[in-house]
Amino acid sequence: MFDTVAVGRVDSWHMIAQQALYLAIVTAVLTQMFFVPDEPPLEGLSPVKRYYYRYRIAILSFFLGTLLNLYTLFFFKSSSLLVSFSFLLVMIALLLLNEFGPFRRLGLAFKFALLSLCGLSFCATVVPVIFGEVGVAIFLASMAVGCLPMLVLAAWISRRTPERFPAARNQILVPFGLMLIVFLGAYLLRVIPPVPLSIPFIGVYHSVERKQDGYQLSHERPAWAFWRNGDQQFRAQPGDRMYVFFRVFSPASFADEVSMRWFHRESHGWALQDTIPIKIVGGRAQGFRGYGFKSKYQPGAWKVQIETTDEREIGRVYFDVEPAPASPRSFTVDIH
């Protein structure tokens with residue numbers, strides 16, 4: 001809960017440097033544990049070495065836990081929970097296992113698997129920030145970059161101690177390969193959230209007007225429904241337009257496109273009614289502001305999804321449209 005508030009922007013170079021440092025520390029400790037798996041006699045060792053051997057498992061648990069926490073939060077903020085629930089459930093389970101599980105008794109292969117997960121997550125968040133876009137090619141490039149550290153480490157072990165390479169293959173390369181397969185499979189199934197994009201706000205309104213002080217959003221939401229964003233119970237008088245306004249966070253170097261997809265609930269399920277492409281530019285602290293509207297629509301249940309160009313969902317909003325007779329009304333106006 002603390003990190004939800006305290007964690008900075010995904011494109012912060014301070015955050016990126018911190019993650020890289022933590023990954024380097026975990027890699028160094030696990031490599032040392034690969035060569036010296038058992039704690040040696042502490043007598044005769046320097047105070048620093050005694051401290052290290054006594055607490056190296058706690059050091060691993062701390063740094064891995066911090067990294068897993070960061071990536072769980074990044075992924076949680078970057079997609080609809082309904083879409084990425086299974087992927088987030090795995091991340092949270094590994095986070096809890098690291099914090100409360102029998103971490104000391106779990107083998108070195110499991111610890112390298114956690115490092116592989118963190119390394120691939122790091123590349124999946126940083127490479128799109130560098131290139132300023134998301135998509136299949138960018139994701140594959142991030143996975144290729146994520147392969148390099150483990151391959152270099154295995155090659156170094158093979159060159160330094162060839163007799164230890166079979167152990168390195170089983171304890172380093174196999175766990176990494178499994179994590180890579182999980183990432184590629186999750187991307188194919190579209191359950192990996194599209195970091196670094198996220199939607200901190202999306203709502204339904206009767207009108208959206210751009211003014212000097214921001215966007216004016218008009219709605220009839222009752223005061224007691226404080227958790228709703230605008231008119232999720234949309235009372236449509238003749239001639240009304242349905243507006244969906246959203247803010248999408250993207251890094252400063254970002255310049256890409258998202259799609260606003262409108263669905264209407266029919267007897268056979270959700271039917272796509274319209275797709276609106278919207279160009280986005282990153283850098284704003286509160287996110288890029290955009291909206292779309294429909295003039296022709298039917299009563300009933302609706303949803304609008306904001307998706308990337310490779311059809312990975314960033315956020316959604318549900319609302320119901322009910323016809324209402326023409327009558328005077330007063331709107332509440334929010335500024336965004």
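In the hydrophobic clustering of this structure, Phe35 groups with Met33; members are Ile, Leu, Val, Met, Phe, Trp, Tyr whose side-chain heavy atoms approach within less than 4.5 Å, directly or through other members. Linking Ile, Leu, Val, Met, Phe, Trp and Tyr whenever their side-chain heavy atoms come within less than 4.5 Å leaves Val174 and Ile157 in two separate clusters. The cluster map of Ile, Leu, Val, Met, Phe, Trp and Tyr, joined by side-chain heavy atoms under 4.5 Å apart, puts Leu189 and Leu117 in the same cluster. One hydrophobic cluster holds both Phe226 and Trp224 under the rule that ILVMFWY side chains link at heavy-atom gaps under 4.5 Å.
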Dump the intermediate steps for side chain to side chain contact (heavy atoms under 4.5 Å, CB included) on Val304 and Met260, then the final yes or no. CA-CA 7 Å; Val304 170; Met260 174 181 281; 3.5 Å; yes

How far apart are the C-alpha atoms of Phe234 and Phe319, what are their side-chain angles, what is the distance that settles it, and do they pass the ring-ring contact (aromatic ring centres under 6.0 Å, His included) test? CA-CA 7 Å; Phe234 193 93; Phe319 56 101; 7.0 Å; no

Which is it for Asp240 and Tyr297 under the side-chain hydrogen bond (donor to acceptor under 3.5 Å, both in side chains) test, yes or no, and what are the steps along the way? CA-CA 10 Å; Asp240 278 355; Tyr297 49 86; 5.1 Å; no

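Shown here for Ala324 and Arg235, the closest heavy-atom pair between the two residues is CB-NH2, 3.6 Å. Between Leu173 and Met150, the shortest heavy-atom contact is CD2-O, 4.1 Å. Across all their heavy atoms, Asp310 and Val136 have their closest contact at OD2-N, 4.1 Å. Nearest heavy atom pair, residue Val248 against residue Phe246, reads CG1-CE1, 3.8 Å. Nearest heavy-atom pair across Ile199 and Gly315 is CG1-N, 4.3 Å. In plain terms, the two heavy atoms of Met143 and Leu184 that are nearest each other are CG-CD2, 4.1 Å.
Looking at heavy atoms from C-beta onward, Leu68 lies in side-chain contact with Cys118 at the 4.5 angstrom threshold. Inter-residue side-chain proximity for Leu153 and Phe112 is flagged as met; some heavy-atom pair is nearer than 4.5 Å.
Taking the side chain to side chain contact (heavy atoms under 4.5 Å, CB included) definition, one finds that Pro175 meets it with Ala109, Ala113, sequence neighbours left out.
The environment of Arg329 atom CZ is dense: over 12 non-hydrogen atoms of other residues, nucleotides or ligands sit within 6.0 angstrom.
Salt-bridge check for Asp213 with Lys211: failed, with every basic side-chain N at 4.0 Å or more from each acidic carboxylate O.
Put simply, the side chain of Asp231 gets close to the backbone of Glu220: a donor and an acceptor are under 3.5 Å apart. Under the 3.5 Å distance criterion, the side-chain polar atoms of Arg164 are matched with a main-chain donor or acceptor of Phe34. Side chain of Arg228 to backbone of Arg221: no donor-acceptor contact under 3.5 angstrom is found. Distance alone, capped at 3.5 Å, is enough to place a donor-acceptor pair between the Gln232 side chain and the Tyr318 backbone. Within the 3.5 Å criterion, the main-chain N or O of Phe139 finds a donor-acceptor partner in the side chain of Ser142.
Cation-pi contact between Arg316 and Phe263: absent, since separation from the ring centre below 6.0 Å together with deviation from the ring axis within 45° is not met.
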Please list every donor-acceptor pair under 3.5 Å in which a side-chain atom of residues 13-31 meets a protein atom from a residue at least two apart or in another chain.
unit_1, atom_1, unit_2, atom_2, d
Gln18, NE2, Tyr22, OH, 3.3
Gln19, OE1, Tyr71, OH, 2.8
Gln19, NE2, Met15, O, 3.2
Thr27, OG1, Leu23, O, 2.7
Thr31, OG1, Thr27, O, 2.7

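With side-chain heavy atoms closer than 4.5 Å counting as contact, directly or through intermediates, the hydrophobic cluster containing Leu217 also holds Phe201, Tyr205, Val208, Tyr215, Tyr243, Phe245, Tyr291, Phe293.
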